[in-house]
Amino acid sequence: MIEFVDRESSNAEKYTLREQLFGDAAVQPLWVADMDIATPACVFEAVQKRLQHRVVGYELMPNSAFEAQIEWFKKHHDFVMLREWLSYSPSVVASIGCAIRSFSEVGDEVIVMSPVYPPFFHQVAINNRTVIHHSLHQDSEGNYRFDCQLLKQHISNKTKMLLLCSPHNPGGRVWSADELQELGQFCIDNNIIIISDEIHCDLVYANYKHIPTQSISDVIANQTVTFLGTGKTFNMAGFSISTVCIVSNDLRAKFEAELKKIHWGEGAVFSHVGFEAAYSNGETWYNELMGHLTLNRQKLIDFFVSTPIKMTIPQATYLAWLDCRALGMGDKQLRDFFVYEAGLGLSAGLSFGREGSGFMRLNFAVSLEMLEAALENISNALKGRGYD
Ligand SMILES: Cc1ncc(COP(=O)(O)O)c(C=O)c1O
């Protein structure tokens, strides 16, 4: 059974930072991408069992944990990973930074397809590489698309990597096999390594299927580094555990050489058992979760269809990307509108890149009651502005 949990009295970032970010500690926080839904019981049972052993020393991530992930991917994504391709990472974002340092030099260029999860930009910048900014464009249904012809005009012999968010945060796109093939071929032709962040890969709605980039072809697999984990699927971000999947021996050796400098090790014992339990025993919980997110997503579709705010229908993720440009507000005004007139703390579209100007991102991984209350607030705020 999925359970909704009041996180206000816990140390949840989305609550504790409200005053600082929104200037109002009472806003309903629908920003940080984690859920107000309890992590599966099987994860706690596994951690409790481990607690019975009273030494918490150094431990390697066990093969059984990797095998549990391999089985999950076989079953859910028709993709067979080999154990030796996988390694532990405490965080996808940390892995992105590590990959940038492993596969490029200071001053090299990295393609970022925008709008996108903000750390993509930050990791390139703080590692002293240059962002090649590729604007995704929306089709008539609001779905983002890339354009390899245009991309070709902006790259140079210093362009070493492309950061791909698959499925896409914030637009909720599930890239098709044809799109991934086209993008992959573009990268092969131009000697560009693909960094495929697939952390949202399990949160895909009916009629869509996540295609792992490394499953497209052997050549593409060999030029791709993929990041995966339990953080989003099972609401386990606080366990600080994810994995890196590298098929190419050469790329893996380079990545491992960089890891040695950081010494981030093999993770914590409680994370190992939580991770393994989630992939081994979390299926029923996961199915219920997807049922709930599907209902909430439909609620949003029904609501926004009759407002001036247009929502891109997410094919994946629990994030709704709201096109608020028809309200005619500047970005600061738009944020204030949601905070002061609707009482909601959303993620500002502009933080996802300049294409996000006029957009807001709403996290709908909450109870139906909480979502309904948020939508009523938006409805009243719009009425206050003369929209009926
Ligand atoms: C696309 C994407 N990648 C990575 C992360 C964060 O991953 P981690 O907490 O493992 O660094 C998020 C969190 O929102 C995300 O949306």
Side-chain angles (χ1 to χ4, degrees), residues 12-14 17 21 29-37 39 61 69 86-100 110-124 126-127 136 144 161-175 194-204 210 212-213 224-245 259 262 264-265 267-268 271-272 274-275 278-279 293 312 314-321 345-349 351-353 356 359 361-366:
E13 183 178 327
K14 62 167 54 149
L17 288 183
L21 284 181
L30 300 175
W31 58 295
V32 177
D34 61 15
M35 310 193 245
D36 286 5
I37 297 173
T39 304
M61 182 150 160
Q69 188 182 42
L86 293 168
S87 64
Y88 161 85
S89 152
S91 132
V92 168
V93 174
S95 294
I96 292 174
C98 188
I100 289 171
V110 181
I111 302 167
V112 179
M113 304 199 288
S114 175
V116 79
Y117 179 56
F120 278 33
F121 295 105
H122 305 156
Q123 284 301 317
V124 178
I126 58 176
N127 284 296
L136 296 170
Y144 281 107
M161 301 169 73
L162 173 138
L163 304 188
L164 173 68
C165 193
S166 176
H168 180 242
N169 169 10
R173 235 359 268 294
V174 173
W175 307 108
I194 304 164
I195 302 300
S196 193
D197 175 347
E198 301 184 16
I199 195 170
H200 293 278
C201 68
D202 298 311
L203 304 173
V204 171
H210 171 72
T213 306
T224 300
V225 171
T226 303
F227 302 128
L228 305 163
T230 45
K232 301 295 166 198
T233 311
F234 298 103
N235 206 23
M236 290 174 60
F239 277 89
S240 288
I241 187 166
S242 66
T243 58
V244 184
C245 180
L259 281 188
I262 314 173
W264 72 29
S271 305
H272 299 156
F275 178 99
Y279 279 130
L293 294 179
T312 300
Q315 300 171 351
T317 79
Y318 46 74
L319 307 165
W321 187 235
L346 309 186
S347 305
S351 64
F352 297 83
F359 288 74
R361 193 194 72 176
L362 181 152
N363 175 344
F364 61 87
V366 294

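Every number for a ligand or one of its atoms is a count from 1 in the order of the listing.
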_If I take atom OH from residue Tyr318 and atom CD1 from residue Ile37, how far apart are they, to the nearest 0.5 angstrom?_
8.5 Å
*With rounding to the nearest 0.5 Å, note down the distance linking OH in Tyr144 to SG in Cys165.*
12.5 Å
*Would you say Lys232's side chain and Asp34's backbone share a donor-acceptor pair under 3.5 angstrom?*
no
_Please check this pair: side chain of Ser242 against backbone of Ser89, looking for a donor-acceptor N/O pair closer than 3.5 Å._
yes
_Determine whether the aromatic ring centres of residues Phe234 and Tyr279 are separated by less than 6.0 angstrom._
yes
_Residues in side chain to side chain donor-acceptor pair (under 3.5 Å) contact with Thr226, at least two apart in sequence or another chain_ = Gln214
*Near ligand 1, which residues have a heavy atom under 4.0 Å away from one of its atoms?*
Ala33, Ser91, Val92, Val93, Tyr117, Cys165, Asn169, Asp197, Ile199, His200, Lys232
